[in-house]
Each structure stands twice: as structure tokens, then as C-alpha cells.
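Here the structure comes first, spelled out in C-alpha cells, and everything after it is commentary.
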Amino acid sequence: MRPIIVIPSRLASTRLPRKPLADIGGLPMIVRVAKRALEAKIGPVVVAAGDQDILDAISGLEGVQGVLTDSSLASGSDRVHAAIQKLDPTGTYDVVINLQGDLPLIDPGSLTAVLEPLENPSCDIGTLAAPVQSDWERDAEQVVKIACDFGEATVTRALYFSRMPIPWGAGQHWHHVGVYAWRRNALERFVSLPPSALERCESLEQLRALEAGMSIGCARIEHAPQGVDTPEDLERVRGLV
């Protein structure tokens, strides 16, 4: 595999305006995310920005390339695709890791782990799953859950994603960590598809891939990183750095 890490980022955020530029321990959040990506040492790191201010924030960060993309793009996947088309139209990189720009505490090792499902040739997309640790985490709508079963394995297939606790009943639940390793052709196909019925129902774009018959493999990690979606999340992360 020849992976490249692309971090989609834009300033428009309803719950936390100008989120990528939020200060965390003296650094903008987007810089902290990019530095974690560099620490993984698995391929080039690119920030796909919807705004020039984001590119200005990373301009002094050695080893990170910035690409300005259309600010009106509908999703992070669309932004990642637009950036990789500009940077690598001939397909030198055959795997594209989509790293969310609001995960400043992600373990760099998780970016290696997300490639593991793609060792199976039948898998189109890799992603991450961590054990749910509390009833709150299981029930919170903002925490996406995965219907899957690892057994003794470290990689398994995702059967469904939901904001509801799935599966019903006793047993381990799995927290979806929204980092994706796309085979290049899978990303191309995905962005060409219209939003699907279940995607619109759950407001989860990965369901578009499942409904189209694409295979998503999950790599198990031990802990879901704290993301930043609200002012309260930001204060929590600031207390952890």
C-alpha cells in the first residue's frame, strides 16, 4: 500500500465557529492534528482546507502540504477527494486516509491500525472501532455505534452504523472513530454516488457505502480519542494537553 493522509478542514461550524483555529495549548487545533499525522510516519500529510485562514495556520509546519478546496463541498469525503485529485491525478497513492480535523489527541498508531482491514483484498474501506466504556457513551446520539463482532480478532466487518445503541441487548458495544482508509477506487466510486436513504435517515455518510455494497472493515483500538465538536469538548481537550 502507498498511503497518503488527507485532513479535511473548514471554518464553517454551527456549534463551534472557526473550530480548526481554536487554540489548544498555544497551537491551532488543525496544527495539532497535522502533527499527529506526521508522527504516524506512514505517508505524506495534506490539509484539504475550505478556507485560506486554515492554510495560513499550517504554513509554517514542515512536512505538511495545504490544498485549497471549494468551501461549498458537502462533506469531508468530497473535500478529501477534491484535494487528492489536485495533488495526485495519476494515482501514485492508492490508499487515502481521511483523518478528521477535530481529533487533536488521536494516537498516531491508530493511523497505522486503520490500514489493517485493507490487507484483505475484498475490503474497500478501513475504519476504527473502540469499546464503549459507559452507558452514556452507548446512548449518546453524537457517539456513532457499529454493529460488528470482533470475537478474538483485531479486525472485523462492519454490518451497520447508527446513532442508536446497536445491537440491542447485553454485550459489548463499539464506538465508531471516524477515520477512514479508502482504496482510491472506492473513494472515486463513493463520491460519484448520491446520498442514500439510510444515510439521510441516520445522517451518517458511511451508510451510503454499505448500501452500495461496499465492504467496510473495522480495526480495533483500545480507546476512542476525545473529539472536539462543542465548546465543552474544547475545554475538556485543553485540560488534557
Side-chain angles (χ1 to χ4, degrees), residues 1 3 5-8 33 36-37 40 42 75-77 80 95-183 186-187 190 198-199 201-229 233 237:
M1 287 184 276
I5 302 173
V6 184
I7 308 167
V33 176
R36 293 289 176 126
I42 56 175
S75 72
S77 299
V80 167
V95 173
V96 183
I97 297 177
N98 179 344
L99 170 59
Q100 306 301 329
D102 56 6
L103 295 174
L105 302 180
I106 190 164
D107 183 343
S110 295
L111 301 178
T112 301
V114 78
L115 295 170
E116 292 176 11
L118 298 187
E119 293 174 8
N120 181 340
S122 69
C123 182
D124 298 299
I125 307 162
T127 194
L128 300 172
V132 165
Q133 305 285 354
S134 67
D135 290 348
W136 176 89
E137 188 180 6
R138 181 195 64 203
D139 297 334
E141 291 182 8
Q142 63 267 41
V143 175
V144 178
K145 274 71 66 175
I146 313 175
C148 65
D149 179 29
F150 283 93
E152 299 300 317
T154 57
V155 173
T156 193
R157 183 181 173 193
L159 301 178
Y160 192 70
F161 298 81
S162 180
R163 298 184 183 278
M164 296 292 288
I166 54 170
W168 182 86
Q172 182 64 60
H173 289 78
W174 297 95
H175 180 148
H176 179 225
V177 178
V179 177
Y180 299 94
W182 295 89
R183 292 194 195 277
L187 180 59
F190 178 83
L198 290 174
E199 174 187 2
C201 181
E202 293 263 18
S203 191
L204 297 173
E205 67 173 356
Q206 60 268 45
L207 294 176
R208 186 191 319 176
L210 290 183
E211 286 186 83
M214 299 167 79
S215 173
I216 302 179
C218 303
R220 176 176 178 163
I221 58 175
E222 290 309 307
H223 302 285
Q226 174 66 56
V228 177
D229 196 42
D233 294 337
V237 167

Donor-acceptor contact below 3.5 Å, side chain [X] vs main chain [Y]:
X	Y	result
Gln100	Gly178	yes
Arg36	Ile106	yes
Lys145	His175	no
Glu202	Arg163	yes
Glu211	Leu198	yes

Taking all heavy atoms of [X] and all of [Y], pick out the closest pair and write down the distance.
X	Y	answer
Ala219	Ala113	CB-O, 3.3 Å
Pro108	Ala40	O-CB, 3.6 Å
Gly227	Asp233	O-CB, 3.5 Å
Pro117	Val155	CA-CG1, 3.9 Å
Ala130	Ala224	CB-N, 3.4 Å
Glu137	Gln133	OE1-N, 2.7 Å

Do [X] and [Y] have side chains that get closer than 4.5 Å, going by heavy atoms?
X	Y	answer
Trp182	Val80	no
Ile5	Leu111	yes
Cys123	Leu118	yes
Trp174	Cys218	no
Thr154	Glu116	yes
His173	Pro131	no
Pro104	Val237	yes
Pro225	Asp107	no

Query raised in the report: Can you list the steps and then say if Ile125 with Arg183 is a side-chain contact (heavy atoms from CB on, under 4.5 Å)?
Result: CA-CA 6 Å; Ile125 307 162; Arg183 292 194 195 277; over 6 Å; no

Query raised in the report: Would you say the side-chain atoms of Glu205 and Tyr180 include a donor-acceptor pair closer than 3.5 Å?
Result: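 Result is no, nothing qualifies.
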
Query raised in the report: Does the side chain of Gln206 pick up a donor-acceptor pair with the side chain of Thr127 at under 3.5 Å?
Result: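 Short answer, no.
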
Distance check, rounded to the nearest 0.5 Å: [X] atom [atom1] versus [Y] atom [atom2]?
X	Y	atom1	atom2	result
Ile216	Leu210	CD1	CG	4.0 Å
His176	Phe161	NE2	CZ	4.5 Å
Ser162	Leu204	OG	CG	7.0 Å
Ser77	Arg208	OG	CZ	7.0 Å
Asp102	Leu105	CG	CG	11.0 Å
Ser110	Leu128	OG	CG	5.5 Å

Report task. Evaluate the criterion side-chain contact (heavy atoms from CB on, under 4.5 Å) for residue pair Leu115 and Ile97; output intermediate values, then yes/no. Result -> CA-CA 8 Å; Leu115 295 170; Ile97 297 177; 3.9 Å; yes

Query - Heavy-atom neighbours of Met1 CE exceed 12 at 6.0 Å - result: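 Atom CE in Met1 is crowded, with more than 12 foreign heavy atoms closer than 6.0 Å.
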
Report task. Verify the neighbour count for atom CD of Gln172: are there more than 12 heavy atoms of other residues, nucleotides or ligands below 6.0 Å? Result ->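 Count over threshold, so yes.
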
Report task. Mind running side-chain contact (heavy atoms from CB on, under 4.5 Å) on Asp124 and Phe190 for me, showing each step along the way? Result -> CA-CA 10 Å; Asp124 298 299; Phe190 178 83; over 6 Å; no

